[in-house]
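Here is the naming used below: chain letters follow the sequence lines, and residue numbers restart at 1 for every chain.
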2 protein chains.
Amino acid sequence: MKRAKKKQFHDFIAARGLKSTRQRDMVLDCFLSSDSHLSTEELYMKVRAKNSSIGYATVYRTLKLFAESGIAREIHFGDGQTRYEHVAEGEHHDHLVCTRCGSVQEFENEAIEKLQQEVADQFGFLVETHKMELYGICSKCRK
Amino acid sequence: MKRAKKKQFHDFIAARGLKSTRQRDMVLDCFLSSDSHLSTEELYMKVRAKNSSIGYATVYRTLKLFAESGIAREIHFGDGQTRYEHVAEGEHHDHLVCTRCGSVQEFENEAIEKLQQEVADQFGFLVETHKMELYGICSKCRK
DNA sequence: ATTATCATGATAATCATTTTCAATTGGAGA
DNA sequence: TCTCCAATTGAAAATGATTATCATGATAAT
Ligand SMILES: [Mn+2]
Ligand SMILES: [Mn+2]
Ligand SMILES: [Zn+2]
Ligand SMILES: [Zn+2]
């Protein structure tokens with residue numbers, strides 16, 4: 001899957017007339033080998049560990065490109081920081097976010113998605129994207 | 001309903017040992033007589049129209065108190081600005097947000113809420129709050 | 001190799017929001 | 001009503017995340 005994501009990004013880069021650089025590849029490797037839902041700063045720290053000369057701005061810019069290329073998605077959990085998650089082609093999921101330990105559990109529920117569509121239809125609304133997040137205490141933190 | 005909200009806020013102020021001020025009452029009146037989902041800046045402009053000497057910080061601080069008192073709820077639609085909506089006791093709703101004109105349509109769907117609870121239960125997750133927003137094109141903008 | 005572009009890193013600039021602080025005000029008690 | 005102190009206010013500085021600027025360096029097509 002990493003291979004495919006890398007190709008997808010490189011194809012995007014090429015299609016846009018952009019250039020392949022050692023920094024972009026470095027950020028890409030760090031992103032693909034990291035957990036999902038990392039903040040820009042967290043990613044920056046990981047990249048920094050590999051190459052301390054990388055600039056903060058480069059990480060910001062590269063992450064935005066990942067989102068545009070479709071291999072990542074920007075998410076906001078209300079803590080004031082932008083996070084990026086891995087995107088699998090044609091897949092969608094929502095989140096359970098623990099307000100105590102910060103852990104994030106992903107889930108998919110076809111029934112809910114269908115009901116959302118019905119609601120939108122009732123209002124003549126054309127859905128492009130949606131977000132659903134349940135905030136609370138995860139099972140580990142409840143013990 | 002305005003009466004009740006005002007009382008709720010004044011009770012909150014008193015219970016916390018805070019003081020009732022002309023500025024807070026002014027912001028409260030503007031908030032209660034405005035549409036929901038206004039950004040802090042939009043509210044500030046409305047208050048400013050009544051009393052041009054009000055400070056920006058006061059509006060920020062007061063809106064936070066509204067949220068704490070339970071008469072308002074902070075919401076984020078991803079445009080980088082905090083918005084506040086009116087809260088009716090014991091009521092909950094979600095949103096359809098038009099990405100073209102910015103209009104917001106509220107809706108309630110008991111079936112979805114129930115399914116959300118089931119999902120959380122499956123993961124042993126205790127839900128405290130949740131948000132669900134459908135982004136897309138509203139019926140007016142589709143015509 | 002040459003050249004036209006694009007990318008990078010350092011730094012300044014933005015933007016929304018928060019904090020600081022000196023001056024003012026509210027309101028409980030005398 | 002008067003006092004007094006804690007709470008409040010407005011202006012301005014500070015903050016934190018993100019973006020823009022710009023001189024320098026790298027990429028890749030010719
Ligand atoms: Mn996710
Ligand atoms: Mn609402
Ligand atoms: Zn937890
Ligand atoms: Zn619209």
Side-chain angles (χ1 to χ4, degrees), chain A residues 9-31 37-45 47-69 72-84 102, chain B residues 6 9-31 37-69 72-84 102:
Chain A
F9 182 64
H10 284 133
D11 287 351
F12 167 82
I13 285 294
R16 283 267 280 259
L18 303 180
K19 290 168 179 171
S20 178
T21 69
R22 111 178 79 267
Q23 288 89 334
R24 283 175 177 164
D25 285 336
M26 183 164 282
V27 177
L28 181 56
D29 280 333
C30 279
F31 177 69
H37 319 115
L38 260 57
S39 68
T40 305
E41 185 181 12
E42 288 168 334
L43 227 305
Y44 170 67
M45 288 310 186
V47 181
R48 192 86 203 266
K50 300 274 180 262
N51 179 341
S52 62
S53 71
I54 189 121
Y56 217 141
T58 298
V59 176
Y60 267 95
R61 291 185 282 231
T62 306
L63 251 9
K64 277 190 173 297
L65 286 178
F66 290 173
E68 285 186 68
S69 77
R73 182 183 299 124
E74 199 174 298
I75 50 182
H76 300 272
F77 287 151
D79 61 352
Q81 288 187 250
T82 298
R83 292 167 184 285
Y84 287 86
Chain B
K6 287 190 181 184
F9 183 63
H10 285 132
D11 287 350
F12 167 82
I13 285 293
R16 284 266 280 259
L18 304 180
K19 291 170 180 173
S20 179
T21 68
R22 110 178 81 265
Q23 288 90 335
R24 283 175 179 164
D25 285 336
M26 183 163 280
V27 176
L28 180 57
D29 281 334
C30 279
F31 177 69
H37 318 115
L38 261 56
S39 68
T40 305
E41 185 179 13
E42 288 168 334
L43 229 304
Y44 170 67
M45 289 311 186
K46 298 202 71 165
V47 181
R48 192 85 204 268
K50 300 274 180 260
N51 179 341
S52 63
S53 71
I54 189 118
Y56 217 142
T58 298
V59 176
Y60 266 95
R61 290 186 282 230
T62 306
L63 250 9
K64 277 191 173 298
L65 286 178
F66 289 173
E68 285 185 68
S69 76
R73 183 183 298 124
E74 200 173 297
I75 50 181
H76 300 272
F77 287 150
D79 61 351
Q81 287 187 251
T82 298
R83 290 166 185 285
Y84 287 87

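- The nearest whole Å value for the distance from the NZ atom in B:K64 to the C1' atom in C:dA16 is 11 Å.
- The closest side-chain heavy-atom distance from A:Y84 to A:K64 is below 4.5 Å.
- Side-chain nitrogen and oxygen atoms of B:T82 include none within less than 4.0 Å of the OP1 or OP2 phosphate oxygen of C:dA16.
- Five base pairs at each end of the helix from C:dA1-D:dT30 to C:dA30-D:dT1 define two local axes, and these are offset by 30° (rounded to 10°).
- Each of A:L38, A:T58, A:T40 was scored for a side-chain contact (heavy atoms from CB on, under 4.5 Å) with A:L63, with one residue passing: A:T40.
- At whole-Å resolution of the value, CG in A:L65 and P in C:dC6 are 13 Å apart.
- Residue order along DNA chain D, read from the 5' end via each residue's closest nucleotide, puts B:G17 first among B:G17 and B:I54.
- Heavy-atom nearest nucleotides on DNA chain C were determined for B:R22 and for A:T62, and the one closer to the 5' end corresponds to A:T62.
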Under 3.5 Å, which protein N or O atoms sit close to an N or O of nucleotides 14-16 of chain D? Give each pair with its distance.
none

Do any N or O atoms of the protein come closer than 3.5 Å to N or O atoms of nucleotides 27-30 of chain C, and which pairs are they?
residue	atom	partner	partner atom	Å
C:dG27	OP1	B:S20	N	3.4

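- In this structure, the CE atom of B:M45 is 13 Å from the C1' atom of C:dA16, given to the nearest Å.
- Qualifying salt bridge (Lys or Arg N to Asp or Glu O under 4.0 Å) partners for A:R73, counting only residues two or more places apart in sequence or in other chains: A:E85.
- As a whole-Å value, the separation of B:L38 CG from C:dA16 P is 15 Å.
- Rounded to an integer number of Å, the gap from CE of A:M26 to C1' of C:dA7 is 15 Å.
- Partners of B:N51 by side-chain contact (heavy atoms from CB on, under 4.5 Å), not counting sequence neighbours, listed by chain and number: B:M26, B:S53.
- Shown here are the side-chain contact (heavy atoms from CB on, under 4.5 Å) partners of B:Y44, two or more places apart in sequence or in another chain: B:R48, B:I54, B:Y56, B:V59.
- Residues that satisfy the salt bridge (Lys or Arg N to Asp or Glu O under 4.0 Å) test with B:K6, not counting sequence neighbours, are B:D29.
- Per the geometry, OH belonging to B:Y44 stands 13 Å off P belonging to C:dA16, to the nearest Å.
- The nearest whole Å value for the distance from the CG atom in A:D79 to the P atom in D:dT18 is 9 Å.
- Under 4.0 angstrom from either OP1 or OP2 of D:dA7 there lies no side-chain N or O belonging to B:R24.
- Of the candidates C:dA16, D:dA17, D:dT8, D:dA17 carries the atom nearest the A:Y60 side chain, counting heavy atoms from C-beta on.
- Qualifying side-chain contact (heavy atoms from CB on, under 4.5 Å) partners for A:S69, counting only residues two or more places apart in sequence or in other chains: A:F9, A:F12, A:I71.
- Distance alone, capped at 3.5 Å, places no donor-acceptor pair between the A:R24 side chain and the A:H10 backbone.
- Under the rule for a salt bridge (Lys or Arg N to Asp or Glu O under 4.0 Å), the partners of A:E42 that lie at least two apart in sequence or sit in another chain are A:R83.
- In this structure B:Q81 satisfies the side-chain contact (heavy atoms from CB on, under 4.5 Å) test together with B:S39, B:E41, B:D79, sequence neighbours excluded.
- Take A:R16 and apply the salt bridge (Lys or Arg N to Asp or Glu O under 4.0 Å) test, not counting sequence neighbours, and it matches A:E68.
- Minimum interatomic distance between B:S20 and B:I13 (heavy atoms only, all atoms of both residues): N-CG2, 4.1 Å.
- Annotation: side chain of B:F31 is not in contact with side chain of B:T62 (no heavy-atom distance under 4.5 Å).
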Are there any protein N/O atoms within less than 3.5 Å of an N/O atom in nucleotides 20-22 of chain C, and if so, which ones and at what distance?
residue	atom	partner	partner atom	Å
C:dT20	O4	B:R61	NH1	3.4

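- Between the OH atom of A:Y56 and the C1' atom of D:dT18 there is a distance of 9 Å, rounded to whole Å.
- Side-chain N/O atoms of B:Q81 include none lying less than 4.0 angstrom from OP1 or OP2 on C:dT17.
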